[in-house]
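Attaching a single structure in structure tokens format; questions to follow.
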Amino acid sequence: MEQAKDFYNRAKNYNPLFYVVDIEESFGASVQNIVQGTQVFIDYLKSKAVKVGLYTGHHFYKPYLMDTVKNYDFLWIPRYSGSSSPGLKPNFACDLWQYTDKGIVAGIKGTVDLNQLNGSKSLSWFTNTDKKKEISLSQYEELKKENKQLKQELTEMKELLVGIKSNAMVSPAHKEDWEWAIEEGVIRGDGKCMNPTDTLTRQQMATMHKRFYDKFIK
């Protein structure tokens, strides 16, 4: 875990496109410890919402149970041809195949490793130029939570609108009286947005009585 933290902290300021865990030698460790250590390393990096790859030797993959490691985003396996051209592909499904360590690249002195895509992932997936924006699991859960909340708020708004609409409708039995009260100024408004079936407060009733008194009694 401490090595994973140190690796992440040293690399993050460079804004890498992805992180790769390189497991090729046992250095005397047991298979169980290698698998457990690799898994812990990968899980820690994944908790940082970054792309993580597993790079492991073709000779190492099965004997050291690298096929039991999980949670990484891509698998990278070297299998060299002995020349600068591709030879036999890895015997195991992987996303990147490192096919030689004798490659020649213009502008670089000496030989270099060369790789080619070997799975369904495009080059743009590795370079972050995919049109589809990827999100982490935690971001997905947060978006799902926000979506659920928005749906609840939308439901409540619909219920409120239904209530407002029903309150704005005058029942046929009172329609004539309602229109008279508006026309005479006892109730002010157009009769459509005053919530005729809503609760009448004491101060509203006092105002209506005063208007009635001023117009018809005073």
Side-chain angles (χ1 to χ4, degrees), residues 1-140:
M1 178 69 78
E2 291 304 316
Q3 290 183 6
K5 290 181 181 178
D6 183 62
F7 173 53
Y8 175 75
N9 290 331
R10 289 173 182 267
K12 65 180 181 180
N13 292 332
Y14 295 95
N15 298 316
L17 296 174
F18 45 79
Y19 295 72
V20 178
V21 183
D22 186 343
I23 308 295
E24 302 177 72
E25 301 291 340
S26 66
F27 299 105
S30 67
V31 172
Q32 181 180 6
N33 285 344
I34 292 172
V35 170
Q36 289 179 349
T38 302
Q39 191 65 68
V40 168
F41 207 110
I42 289 173
D43 290 343
Y44 176 81
L45 292 176
K46 286 297 293 179
S47 72
K48 300 300 181 181
V50 297
K51 289 179 180 177
V52 181
L54 172 62
Y55 179 96
T56 186
H58 192 268
H59 67 286
F60 201 86
Y61 185 68
K62 281 287 187 179
Y64 286 86
L65 302 183
M66 290 294 99
D67 57 331
T68 65
V69 176
K70 302 175 181 179
N71 202 29
Y72 54 81
D73 296 297
F74 64 94
L75 180 62
W76 189 359
I77 293 181
R79 190 180 192 185
Y80 298 153
S81 63
S83 67
S84 61
S85 61
L88 292 175
K89 288 188 175 184
N91 292 332
F92 322 108
C94 60
D95 301 289
L96 287 176
W97 166 31
Q98 190 172 98
Y99 62 85
T100 184
D101 61 350
K102 302 183 185 303
I104 303 297
V105 175
I108 299 179
K109 185 178 181 179
T111 58
V112 295
D113 298 337
L114 294 180
N115 303 272
Q116 72 176 36
L117 299 171
N118 193 54
S120 60
K121 291 180 175 61
S122 64
L123 180 61
S124 61
W125 185 91
F126 291 93
T127 59
N128 283 354
T129 57
D130 254 335
K131 292 182 179 179
K132 294 181 179 179
K133 183 179 179 181
E134 297 184 4
I135 60 174
S136 66
L137 180 59
S138 60
Q139 289 173 320
Y140 169 74

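Numbers here simply count residues along the sequence, with the first being 1. Only this structure's heavy atoms are used, side chains among them; waters, hydrogens and symmetry mates stay out.
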- Drop me the distance from Tyr72's OH to Asp95's CG, to the nearest 0.5 angstrom.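 Reported to 0.5 Å precision, the distance equals 8.0 Å.
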- Query: If we only count heavy atoms from C-beta on, is the Leu96 to Phe74 side-chain gap below 4.5 Å?
  - Reply: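 In contact.
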- Query: Distance from Arg79 atom CZ to Asn118 atom CG, nearest 0.5 Å?
  - Reply: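 If I round to the nearest 0.5 Å, the distance is 11.5 Å.
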- Message: Can you pull out every salt bridge (Lys or Arg N to Asp or Glu O under 4.0 Å) where at least one residue sits in residues 56-78? Sequence neighbours excluded, please.
- Response: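 Residue pairs with at least one partner in residues 56-78: Lys46-Asp73, Lys62-Asp67.
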- Message: Looking at every non-hydrogen atom in both residues, tell me the closest pair between Ser26 and Phe60 and how far apart they are.
- Response: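 Closest approach of Ser26 to Phe60: N-CE1, 3.8 Å.
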- Message: So, taking the atom named OG1 in Thr38 and the one named CG in Asn71, what distance separates them when rounded to the nearest 0.5 Å?
- Response: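 So the gap between those two atoms works out to 13.0 Å.
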- Message: Using modelled atom types and a 3.5 Å cut-off, is there a donor and acceptor pairing between side-chain atoms of Asn9 and backbone atoms of Lys5?
- Response: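 Yes, because the side chain of Asn9 sits within donor-acceptor range (under 3.5 Å) of the backbone of Lys5.
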- May I ask you to check whether over 12 heavy atoms, not counting those of Gln3, lie within 6.0 Å of atom CD?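 Atom CD in Gln3 is not crowded, with 12 or fewer foreign heavy atoms closer than 6.0 Å.
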- Item | From Phe41, Tyr55, Tyr8, residue fulfilling ring-ring contact (aromatic ring centres under 6.0 Å, His included) relative to Tyr19 |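 For Tyr19, the ring-ring contact (aromatic ring centres under 6.0 Å, His included) test succeeds with only one of Phe41, Tyr55, Tyr8, which is Tyr8.
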- Close side-chain approach of His58 to Lys89, heavy-atom, < 4.5 Å: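 No, side chains not in contact.
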- Message: Hydrogens and angles aside, do Asn115 and Trp76 bring a side-chain donor and acceptor to less than 3.5 Å of each other?
- Response: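 Yes.
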- Query: If we only count heavy atoms from C-beta on, is the Val52 to Val20 side-chain gap below 4.5 Å?
  - Reply: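 Answer no - side chains too far apart.
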- Separation between CG of Asp22 and OG1 of Thr56, rounded to the nearest 0.5 Å: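 Those atoms lie 8.0 Å apart.
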- Non-hydrogen atoms of Gly110 and Ile104 that approach each other most closely: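 Scanning both residues, the minimum pair turns out to be O-CD1, 4.4 Å.
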- Query: Taking C-beta and beyond as the side chain, do Val35 and Met66 meet within less than 4.5 Å on heavy atoms?
  - Reply: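 With C-beta onward as the side chain, the pair touches.
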- Can you name the nearest heavy-atom pair linking Ser81 to Gly87, along with the distance?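 The answer is CB-N, 3.5 Å.
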- Query: What residues, two or more places apart in sequence or in another chain, satisfy ring-ring contact (aromatic ring centres under 6.0 Å, His included) together with Tyr80?
  - Reply: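 For Tyr80 there are no ring-ring contact (aromatic ring centres under 6.0 Å, His included) partners, ignoring immediate neighbours.
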- Query: Do Ser122 and Leu117 have side chains that get closer than 4.5 Å, going by heavy atoms?
  - Reply: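 Of all side-chain heavy-atom pairs linking Leu117 with Ser122, none is under 4.5 Å.
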- Query: SG of Cys94 to OH of Tyr61: how many Å apart, nearest 0.5 Å?
  - Reply: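 Spacing of SG (Cys94) from OH (Tyr61) equals 8.5 Å.
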- Query: So, Lys51 side chain and Trp125 main chain: donor-acceptor pair closer than 3.5 Å or not?
  - Reply: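 Present.
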- Item | Ring centres under 6.0 angstrom apart (Phe7, Tyr44) |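 Centroid separation for Phe7 and Tyr44: 6.0 Å or greater.
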- Item | Where Ile23 and Leu54 come nearest, the two heavy atoms and their spacing |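 Taking Ile23 first and Leu54 second, the nearest heavy atoms are CG1-CD1, 4.2 Å.
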- Task: Determine whether Asp113 and Thr100 make a side-chain contact, defined as any pair of heavy atoms from C-beta on separated by less than 4.5 Å.
- Result: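 Heavy-atom side-chain distance check fails, nothing below 4.5 Å.
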- Message: Quick check for you: to the nearest 0.5 Å, what is the distance between Gln39 atom CD and Leu65 atom CG?
- Response: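 Spacing of CD (Gln39) from CG (Leu65) equals 12.0 Å.
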